[in-house]
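Values in this document were obtained by computation on a predicted structure and should not be read as measured data.
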Amino acid sequence: QVQLVESGGGLVQAGGSLRLSCVLSGRTFSSTGMGWFRQAPGKERDFVSAITWSGAPTDYGDSVKGRFTISGDNAKNTVYLQMNSLKPEDTAVYYCAAGRGTYSGRSRAGYDYWGQGTQVTVSS
C-alpha cells in the first residue's frame, strides 16, 4: 500500500525557516516524480514545487521561487522542502504528492498519491 507522510510543519515568525519532509512507502522514488502543494482555508490546492528523483528537472510556483528549495534522498525515500524567508501568506497545509512518471509537473492531475498534509503557520 502506497503511503506518503509529511512532517516538519509548525509555527514560525515571518522571515523564519522550516524544512518539511515527506517519506514514501510502498514504492520507490527511483522512477517517481514528486511534488509539493499547499492549501489555505477557502483556497484551491496550489502548486509549490516538483522534482524528479534524479534531481532534475525541478519547478517552483512563482510565489515561492527564490525562497523554497526542493530536494530528495533516495536512500531514505524522502523528499524535502526547505522554506526560507517565510511570509504570512505561506500559511497553509502542505501536501506531498507522488506521480506515476519520473516528473509529474505542476498539475494536480499528474499525481496519483497524496499525503495527509502538515500545517505551516507563519505569524506576522
Side-chain angles (χ1 to χ4, degrees):
Q1 186 173 345
V2 176
Q3 183 172 289
L4 292 161
V5 180
E6 304 96 335
S7 63
L11 174 64
V12 298
Q13 292 281 335
S17 298
L18 284 174
R19 189 193 192 203
L20 306 184
S21 300
C22 173
V23 180
L24 173 68
S25 62
R27 66 185 294 175
T28 178
F29 281 147
S30 296
S31 300
T32 302
M34 301 291 295
W36 286 96
F37 291 76
R38 66 186 184 185
Q39 187 168 21
K43 295 186 177 181
E44 300 291 328
R45 187 173 297 189
D46 293 329
F47 172 76
V48 175
S49 187
I51 191 172
T52 177
W53 215 239
S54 68
T58 58
D59 195 18
Y60 298 92
D62 290 341
S63 64
V64 306
K65 287 181 179 178
R67 299 188 298 120
F68 291 9
T69 303
I70 191 170
S71 62
D73 187 334
N74 273 357
K76 297 180 179 180
N77 240 30
T78 301
V79 64
Y80 304 97
L81 185 68
Q82 178 66 48
M83 306 185 294
N84 298 325
S85 302
L86 284 163
K87 305 174 181 179
E89 52 262 44
D90 295 319
T91 295
V93 177
Y94 283 70
Y95 297 90
C96 180
R100 294 185 299 171
T102 56
Y103 182 70
S104 298
R106 56 174 57 220
S107 173
R108 291 164 58 186
Y111 298 87
D112 295 323
Y113 308 102
W114 295 85
Q116 294 297 313
T118 184
Q119 177 70 48
V120 172
T121 302
V122 184
S123 61
S124 59

Applying salt bridge (Lys or Arg N to Asp or Glu O under 4.0 Å), can you list everything that pairs with K43, at least two apart in sequence or on another chain?
none
Using a 3.5 Å distance criterion without hydrogens, assess whether the side chain of T118 forms a donor-acceptor pair with backbone atoms of G9.
yes
I need the full list of salt bridge (charged side-chain N to carboxylate O under 4.0 Å, His left out) pairs touching residues 3-18, with sequence neighbours left out, sorted by first then second residue.
none
Side chain to side chain contact (heavy atoms under 4.5 Å, CB included) involving V5 - partner list, sequence neighbours excluded
Q3
Going by salt bridge (Lys or Arg N to Asp or Glu O under 4.0 Å), name the residues that satisfy it together with R106, two or more places apart in sequence or in a different chain.
D59
Polar side-chain atom of Y111 near backbone of G105 as donor-acceptor pair, under 3.5 Å
yes
Pairing residues for F47 by the ring-ring contact (aromatic ring centres under 6.0 Å, His included) criterion, not counting sequence neighbours
F37
Test side chain to side chain contact (heavy atoms under 4.5 Å, CB included) applied to S49 - qualifying residues, sequence neighbours left out:
Y60, I70, L81
Output for pair (Q119 CD, T91 OG1), nearest 0.5 Å, gives 7.5 Å
Counterpart residues, side-chain hydrogen bond (donor to acceptor under 3.5 Å, both in side chains), relative to E89 (two or more places apart):
none
Report the residues that fulfil salt bridge (Lys or Arg N to Asp or Glu O under 4.0 Å) with D46, sequence neighbours left out, ordered by chain and then residue number.
none
The complete set of side-chain hydrogen bond (donor to acceptor under 3.5 Å, both in side chains) pairs with one or both residues in residues 7-25, sequence neighbours excluded, reads Q13-S123, S17-N84
Set of residues satisfying side chain to side chain contact (heavy atoms under 4.5 Å, CB included) with respect to D73, sequence neighbours excluded
A75, K76, Y80
Linking directly or through intermediates, with side-chain heavy atoms under 4.5 Å: list the remaining ILVMFWY members grouped with V23, chain and number order.
none
Among residues at least two apart in sequence or on other chains, which ones pass salt bridge (Lys or Arg N to Asp or Glu O under 4.0 Å) with D90?
R38, R67
